[in-house]
K.L.:
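Quick one: structure below, then a few questions.
Lettering follows sequence order; numbering is per chain, from 1. The model shown is predicted, which means the values in this text are computed figures rather than measured ones.
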Amino acid sequence: MQGASIACVELRRPDLRFPLPENFAGRLEKQTVERLDRRGKYLIAHLSSGESLIMHLGMSGRFTIEETGQLRPGVFARAQDCNPKHDHVVFDMEGVRAARITYNDPRRFGFMDIARSEELETCRHFKEMGPEPLGNGFSAAALKAALKGKSAPIKTALLDQRVVAGLGNIYVCEALYRAGISPRRKAASVVAGKRSDRLYGEIIAVLREAIEAGGSSLRDFASVEGGLGYFQHRFDVYDREAENCRRCDKVIMRIVQGGRSTFFCPSCQR
DNA sequence: AGTGTGTCCTGTGTGC
DNA sequence: TGCACACAGGACACAC
């Protein structure tokens, strides 16, 4: 999409998780995508109009690419296992590369929005968002400050995007296991000892390793080229209920916190 | 203000 | 085979 222009936007329904913004297609058509970016779990396309398209995949969203030009025919073939009845937004790109970019999302938990590019940092999606975990804004001190005084369980606190951006259920479970911290422990008590320093390091480590492995393909995640991630083979606890801990051989437990599954080793995590 | 609960939606896997 | 049910990578609205 970078450098290409949006020739046409086809909306196949008036909303995703939320209503699409006013004049959605009109504000995108004829604009050039100057730069693609990411903040937390959001994708951002900076447009020549001075506005930016903000996209979130939710749980099941995906973009597929069909190359319509002759540049690299067949490289970006449409994923076979993608039911076209959930194709909700179609972007026809022209210019440096002609392609059809389709947003498909069975559960429709994803959403899109538009904001002025110079106001991105203060728009509702990013105003309160915490630092990028692999960026300069994240440090052991920053993590401590964000967790300080919180009575919520550390598991719930780490899923809160205001603490640190981009952590989801898998990597929170994995980071807590690596750091030897019980998911039930109050966030404030993690700051009190040296646990938060260890946690800081493990958050970064697990994210780096997962990115290196191409992400985690549970059922349907794939890269935009269609390739699968491999990090799921290296989960220590996530989706391993009743299996044995790799470290102490005791049984991995599943509990529910804030309506989400938490996997942990009650012996290794204190 | 911070925290816990329910909700949005479809597909898949499991047990009966 | 058919059916009911639980659960899924996330964020938000709401009640306290």
K.L.:
With rounding to the closest Å, how many angstrom separate the P atoms on B:dG6 and C:dA6?
P.N.:
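Taking atom P in both B:dG6 and C:dA6, they lie 14 Å apart.
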K.L.:
Rounding to a whole Å, what distance do you find between A:F111:CZ and C:dC12:C1'?
P.N.:
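Distance, rounded to whole Å: 9 Å.
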K.L.:
At under 4.0 Å, does any side-chain N or O of A:R107 touch on OP1 or OP2 of C:dG9?
P.N.:
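Answer is no, no contact under 4.0 Å.
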K.L.:
Quiz question: by atom type and distance under 3.5 Å, do the side chains of A:Q232 and A:S216 form a donor-acceptor pair?
P.N.:
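No, A:S216 and A:Q232 have no side-chain donor paired with an acceptor closer than 3.5 Å.
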K.L.:
Does a side-chain N or O from A:H86 land closer than 4.0 Å to OP1 or OP2 of B:dC9, or not?
P.N.:
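It does not, given that no N or O in the side chain of A:H86 lies less than 4.0 Å from OP1 or OP2 of B:dC9.
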K.L.:
Within this structure, what is the CE-CG distance for the pair A:M112 and A:L43, rounded to the nearest 0.5 Å?
P.N.:
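If I round to the nearest 0.5 Å, the distance is 9.0 Å.
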K.L.:
Taking atom C1' of C:dC12 as reference, at what distance in whole Å does atom CZ of A:R17 sit?
P.N.:
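The answer, rounded to whole Å, is 6 Å.
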K.L.:
Once you apply the 3.5 Å cut-off to both distances, tell me the Watson-Crick or G-U wobble partner of B:dC9, or none.
P.N.:
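Here B:dC9 is not engaged in any pair, so there is no nucleotide opposite it.
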K.L.:
Within this structure, what is the OH-CZ distance for the pair A:Y103 and A:F91, rounded to the nearest 0.5 Å?
P.N.:
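Nearest 0.5 Å value for the OH-CZ distance: 10.0 Å.
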K.L.:
Output a table of nitrogen or oxygen pairs between the protein and nucleotides 1-3 of chain B separated by less than 3.5 Å.
P.N.:
residue : atom : partner : partner atom : Å
B:dT3   : OP1  : A:S151  : N            : 2.5
B:dT3   : OP1  : A:S151  : OG           : 3.2
B:dT3   : OP1  : A:A152  : N            : 3.3
B:dT3   : OP2  : A:K150  : NZ           : 3.3

K.L.:
For C:dC7, does either OP1 or OP2 sit under 4.0 Å from a side-chain N or O belonging to A:R254?
P.N.:
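Yes, A:R254 has a side-chain N/O under 4.0 Å of OP1/OP2 on C:dC7.
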K.L.:
From A:C265 SG over to A:M253 CE, what is the distance, rounded to the nearest 0.5 angstrom?
P.N.:
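One gets 10.0 Å once the value is rounded to the nearest 0.5 Å.
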K.L.:
Does A:H56 have a side-chain nitrogen or oxygen under 4.0 Å from the phosphate oxygens OP1 or OP2 of C:dA11?
P.N.:
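Yes, A:H56 has a side-chain N/O under 4.0 Å of OP1/OP2 on C:dA11.
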K.L.:
Strictly by Watson-Crick or wobble contacts shorter than 3.5 Å, is anything paired with C:dC16, and which nucleotide is it?
P.N.:
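Looking at the geometry, C:dC16 pairs with B:dG2.
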K.L.:
With rounding to the nearest 0.5 Å, note down the distance linking CD in A:E174 to CZ in A:R240.
P.N.:
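So the gap between those two atoms works out to 9.0 Å.
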K.L.:
Expressed in angstrom and rounded to an integer, what is the separation of A:N104 atom CG from B:dC9 atom C1'?
P.N.:
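Whole-Å distance recorded here is 13 Å.
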K.L.:
Describe the nucleic acid contact of A:G259 in one word from base, sugar-phosphate, nothing, applying a heavy-atom distance below 4.0 Å.
P.N.:
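Since no nucleic acid heavy atom lies under 4.0 Å of A:G259, the category is nothing.
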K.L.:
How about A:F138 and A:Y200: are their ring centres within less than 6.0 Å of each other?
P.N.:
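Between A:Y200 and A:F138, which both carry aromatic rings, the centre distance is below 6.0 Å.
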K.L.:
Is A:K85 close enough to B:dC9 that one of its side-chain N or O atoms is under 4.0 Å from OP1 or OP2 there?
P.N.:
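So the side-chain polar atoms of A:K85 never come under 4.0 Å of the phosphate oxygens OP1 or OP2 of B:dC9.
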K.L.:
Determine: side-chain N/O of A:Q161 to OP1/OP2 of C:dA11, distance under 4.0 Å, yes or no.
P.N.:
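Yes, because at least one side-chain N or O of A:Q161 sits under 4.0 Å from OP1 or OP2 of C:dA11.
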K.L.:
Return the CE to OG distance between A:M93 and A:S5, rounded to the nearest 0.5 Å.
P.N.:
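Rounded to the nearest 0.5 Å, the CE-OG separation comes out at 6.5 Å.
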K.L.:
In whole Å, what separates the P atom of C:dC3 from that of B:dC9?
P.N.:
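My reading of the P atoms in C:dC3 and B:dC9 gives 24 Å.
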K.L.:
Of the listed nucleotides (C:dA8, C:dA11, C:dG9), which one gets closest to any side-chain atom of A:S261?
P.N.:
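Out of C:dA8, C:dA11, C:dG9, the nucleotide with an atom closest to A:S261's side chain is C:dA8.
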K.L.:
What integer distance in Å separates A:K127:NZ from C:dA11:P?
P.N.:
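Interatomic distance, NZ of A:K127 to P of C:dA11: 17 Å.
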K.L.:
What is the distance, rounded to the nearest whole Å, between atom CG of A:L167 and atom C1' of C:dG9?
P.N.:
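So the two atoms are 13 Å apart, to the nearest Å.
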K.L.:
Rounded to the nearest angstrom, tell me the gap between atom CZ in A:F109 and atom C1' in B:dC8.
P.N.:
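Whole-Å distance recorded here is 5 Å.
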K.L.:
Under 6.0 Å between ring centres, would you say that holds for A:Y42 and A:F126?
P.N.:
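Distance test on ring centres: under 6.0 Å, yes.
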K.L.:
Compare side-chain N and O positions of A:Y238 against OP1 and OP2 of C:dG9 and report whether any pair is under 4.0 Å apart.
P.N.:
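The answer is yes; a side-chain N or O of A:Y238 sits under 4.0 Å from OP1 or OP2.
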K.L.:
Give the rounded distance in Å between these two atoms: CG of A:L218 and P of C:dG10.
P.N.:
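From A:L218 CG to C:dG10 P: 10 Å.
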K.L.:
Provide, to the nearest angstrom, the distance between the CG atom belonging to A:L159 and the P atom belonging to B:dT5.
P.N.:
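Going from A:L159 (CG) to B:dT5 (P), I get 15 Å.
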K.L.:
Just checking A:F221: base, sugar-phosphate only, or nothing, at a heavy-atom cut-off of under 4.0 Å?
P.N.:
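A:F221: base contact, heavy atoms under 4.0 Å.
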K.L.:
Any side-chain N or O of A:K41 below 4.0 angstrom from OP1/OP2 of C:dG9?
P.N.:
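Checking A:K41 against C:dG9: no side-chain N or O falls below 4.0 Å of OP1 or OP2.
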K.L.:
Would you measure the distance from the P atom in B:dG11 across to the matching atom in C:dA11 and give it in whole Å?
P.N.:
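Pairwise P distance, B:dG11 against C:dA11, rounds to 22 Å.
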K.L.:
For the side-chain contact (heavy atoms from CB on, under 4.5 Å) test, which of A:I252, A:T262, A:L218 pairs with A:Y238?
P.N.:
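For A:Y238, the side-chain contact (heavy atoms from CB on, under 4.5 Å) check succeeds only for A:L218.
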